[in-house]
Undergrad: 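Would you mind keeping the following structure in view while I ask a few things?
In the text below, chain A, chain B and the rest are named by the order of the sequence lines, each starting its count at 1.
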Amino acid sequence: MLELSRIRTDKKQVIAALSKRNINAESTINELLNLDVQWRRVKQELDGTLEEANRMAKEIGQCYKEGRVDEGNALKQQTTLLKKKEGELKGESEALESAILHMLYQIPNTPFQEVIKGKDLNDNQVVFQSGKAPLFDFEAKPHWDICKEKQIIDFELGVKVTGAGFPFYRGKGSKLQRALISFFLDEASAAGYEEYQAPLMVNEESGIGTGQLPDKEGQMYHDSTDNLFLIPTAEVPLTNIFRDELIQQPDFSYKLCGYTPCFRREAGSYGKDVRGLNRLHQFDKVEIVRIEHPDHTANALEEMVEHVKGLLDKLELPYRVLRLCGGDMGFASAMTYDFEVYSAAQEKWLEVSSVSRFDTFQANRLKLRFKDHDKKTKLCHTLNGSALALPRVMAALLENNQGADGRISIPAALKPYTRFDYI
RNA sequence: GGUGGGAUGGGUGAGAGGCUGAAACCAACAGUUUGCUAAACUGUCGUACGGGUAACUGUACCGCGGGUUCGAAUCCCGCUCCCACCGCCA
């Protein structure tokens with residue numbers, strides 16, 4: 001959620017930034033500021049009324065103490081009028097406040113200066129590219145065929161036991177999953193991220209803290225008996241560790257990572273791109289999360305990008321890095337780099353990681369603040385990224401590393417983890 | 001599931017209708033002094049929002065939501081969460 005004070009002071013800049021998302025926020029912002037003016041007027045009047053009531057209450061107490069009972073009773077009479085006024089103003093103020101909050105919830109984050117205006121994924125900028133797609137002198141198979149043949153991932157069995165999008169991993173498929181998780185976690189630890197095992201369910205406050213709630217609850221699985229939500233990403237529990245925290249020094253930097261399964265309802269996304277591992281309701285991911293001083297955000301983001309590049313390099317996968325245009329960025333993001341791996345058999349790019357800076361957008365909702373050098377309390381910056389999401393990495397490994405003999409070779413970096421060289 | 005106890009500032013924790021935005025201690029910050037990886041002393045020190053260029057000032061907040069009262073951290077009701085013991089289960 002954007003800071004209201006910023007919208008007040010930098011209205012033009014906010015509207016200009018939001019236009020990069022291809023949305024015209026001017027009327028919304030004007031309406032918001034209009035409500036804000038009203039709210040502040042009511043707030044002033046309410047505060048004044050309360051002040052008077054407080055003063056009178058003290059006076060009445062004084063009267064009784066000194067035995068001036070009649071005087072006290074007379075004053076009491078007067079308070080009834082004040083109380084009526086107070087009640088009315090309170091109602092007005094609360095209504096305005098909730099209207100303002102409701103509007104703020106619906107305004108996405110302002111894109112950072114480097115982000116270009118754009119409509120959709122076609123306007124994203126490729127900022128880095130690495131590796132070459134393998135050339136096959138045979139008919140390369142898509143991963144869903146490989147999985148079936150080698151009995152390493154069973155989608156139909158998942159349908160039987162749970163439903164579409166909940167596959168079983170078997171044998172070497174299961175071991176490869178485990179190897180990837182361990183590899184990613186070890187790499188993150190080596191880069192200074194503290195490893196966490198997080199709860200897979202979160203409460204409502206946490207959902208609000210990272211922005212899944214209130215508007216996007218349809219994307220999460222919900223247990224209504226206990227009002228808990230299955231996490232769509234480890235970002236939710238890991239970032240909410242810091243909810244309602246006030247960090248006392250300005251020289252902080254928190255780097256955490258965690259492996260979790262992720263659960264996504266993916267309501268409304270059917271049709272293309274859902275085949276095999278491309279889109280699942282349950283998948284595994286190692287997430288990295290950082291809480292930083294605003295001065296260090298740019299640097300932290302670059303570090304995270306380098307970290308993810310390192311992972312893909314070690315896995316020997318051809319990939320590219322995109323800086324998303326305004327129109328393709330997530331709601332809470334100020335700038336996002338997407339990592340896409342090229343799958344030779346499917347002949348397309350598969351997104352395997354998304355690394356974003358949120359600046360104060362999440363921290364504002366989380367009430368995550370710190371004391372700066374100037375002793376002022378300010379909002380922290382949050383960042384996160386996938387490092388990495390497993391299914392599409394798996395798909396790319398299976399598809400790109402298939403040989404003419406039908407075997408899938410395991411990249412050298414993974415062999416210590418799989419303890420087999422081929423599937 | 002049952003019974004009992006609890007939730008107060010960055011932390012520990014006192015307060016039990018007006019003298020309490022809240023003792024004390026710890027932490028933090030600033031200064032003084034002695035000098036040696038630090039101690040002692042003094043001072044400052046909650047958050048959010050509004051008004052004000054500012055000094056400052058007003059309001060709200062003692063888990064959350066209601067109620068009683070001129071006045072609530074304090075009394076009453078509901079809820080949530082935590083802790084302990086018992087039961088059940090991993």
Undergrad: A:E59 or A:E52: which one's nearest nucleotide on RNA chain B is closer to the 5' end?
TA: A:E59
Undergrad: Rounding to the closest angstrom, what is the interatomic distance between B:A40 and B:G46 at atom P?
TA: 24 Å
Undergrad: Tell me what A:N73 touches on the nucleic acid: a base, only sugar-phosphate, or nothing, going by heavy atoms under 4.0 Å.
TA: nothing
Undergrad: Starting at atom NZ of A:K84, determine the distance to atom P of B:C70, rounded to an integer number of angstrom.
TA: 18 Å
Undergrad: Considering only atom P, compute the distance from B:G67 to B:C62 and round it to an integer number of Å.
TA: 15 Å
Undergrad: Whole angstroms only, please: what is the CZ-C1' distance between A:R55 and B:U57?
TA: 13 Å
Undergrad: Hunt down the Watson-Crick or G-U wobble partner of B:G58, both distances under 3.5 Å, from any strand shown, or write none.
TA: B:C49
Undergrad: Calculate the interatomic distance between A:L82 atom CG and B:U59 atom C1'; express it in whole Å.
TA: 15 Å
Undergrad: Please measure how far the C1' atom in B:A23 lies from the corresponding atom in B:A30, and state the result in whole Å.
TA: 24 Å
Undergrad: Both distances under 3.5 Å, Watson-Crick or G-U wobble: report the partner of B:G71, or none.
TA: none
Undergrad: Closest-nucleotide mapping onto RNA chain B: is A:E94 or A:K83 further toward the 5' terminus? I mean the 5' end.
TA: A:E94
Undergrad: Less than 3.5 Å apart, any donor N or O on the side chain of A:T382 or A:Q362 sitting next to an acceptor on the other?
TA: yes
Undergrad: Is the shortest distance from a Lys or Arg side-chain nitrogen in A:E292 or A:K255 to a carboxylate oxygen in the other one below 4.0 Å?
TA: no
Undergrad: How long is the line joining CG of A:L228 and P of B:U80, in whole Å?
TA: 13 Å
Undergrad: Is there any protein nitrogen or oxygen under 3.5 Å from a nitrogen or oxygen in nucleotides 45-49 of chain B, and what are the pairs?
TA:
from  : atom 1 : to     : atom 2 : distance (Å)
B:U47 : OP1    : A:K371 : NZ     : 2.1
B:U47 : O3'    : A:R369 : NH1    : 3.3
B:U47 : O2'    : A:R369 : NH1    : 3.4
B:C49 : O2     : A:K43  : NZ     : 3.3

Undergrad: Find the distance A:Q248:CD to B:A28:P and express it as a whole number of Å.
TA: 11 Å
Undergrad: I want to check something: taking the side chain as every heavy atom from C-beta on, are A:L180 and A:M394 in contact at a cut-off of under 4.5 Å?
TA: yes
Undergrad: Using Watson-Crick or G-U wobble geometry with both distances under 3.5 Å, which nucleotide pairs with B:G21?
TA: none
Undergrad: Partner lookup for B:G35, please. Criteria are Watson-Crick or G-U wobble with both distances under 3.5 angstrom; report none if nothing qualifies.
TA: none
Undergrad: Does B:A30 pair with anything, Watson-Crick or G-U wobble, both distances under 3.5 Å, and if so, with which nucleotide?
TA: B:U42
Undergrad: Can you measure A:Q62 atom CD to B:G17 atom P for me and round it to whole angstrom units?
TA: 19 Å
Undergrad: Decide if the gap between the ring center of A:H293 and the ring center of A:F370 is smaller than 6.0 angstrom.
TA: yes
Undergrad: Please verify the inter-ring angle class for A:H307 with A:Y193; under 30° counts as parallel, over 60° as perpendicular, anything in between as tilted.
TA: tilted
Undergrad: Rounded to whole angstrom, note down the C1' distance from B:A24 over to B:G9.
TA: 13 Å
Undergrad: Would you tell me if any nitrogen or oxygen in the side chain of A:N54 comes within less than 4.0 Å of OP1 or OP2 on B:G58?
TA: no
Undergrad: Step through it carefully: locate the ring centre of A:F184, locate the ring centre of A:Y259, and say whether they are under 6.0 Å apart.
TA: no
Undergrad: With side chain to side chain contact (heavy atoms under 4.5 Å, CB included) as the criterion, how do A:L256 and A:I241 come out once you've worked through the C-alpha distance, each side chain's angles and the decisive distance to 0.1 Å?
TA: CA-CA 10 Å; A:L256 27 169; A:I241 291 172; 3.8 Å; yes
Undergrad: Quick one: look up who B:C79 pairs with, Watson-Crick or G-U, both distances under 3.5 Å, and put none if it's unpaired.
TA: B:G63
Undergrad: Say you pick atom C1' in B:G17 and the same atom in B:A22; how far apart are they, in whole Å?
TA: 15 Å
Undergrad: Of all the choices, B:G50, B:C70, B:G10, which nucleotide is nearest to the side chain of A:I60 once you look at every atom?
TA: B:C70
Undergrad: Does the plane of the ring in A:F331 sit parallel, tilted or perpendicular to the ring in A:F361? Use 30° and 60° as the thresholds.
TA: perpendicular
Undergrad: Who does B:C85 pair with, Watson-Crick or G-U, both distances under 3.5 Å?
TA: B:G2
Undergrad: If you measure from the P atom in B:C85 to the same atom in B:A28, how many Å do you get, rounded?
TA: 35 Å
Undergrad: Could you tell me the separation between the NZ atom of A:K367 and the P atom of B:C61, rounded to a whole number of Å?
TA: 16 Å
Undergrad: Using the P atoms only, state how far B:A60 lies from B:C19, rounded to an integer number of Å.
TA: 13 Å
Undergrad: What's the gap between B:U20 and B:C61 when it is taken at their C1' atoms, as a whole Å value?
TA: 14 Å
Undergrad: Less than 4.0 angstrom from a charged side-chain N to a carboxylate O is my criterion; do A:K43 and A:D47 meet it?
TA: yes
Undergrad: Could you check how far CD of A:E97 sits from C1' of B:G50, rounded to whole Å?
TA: 11 Å
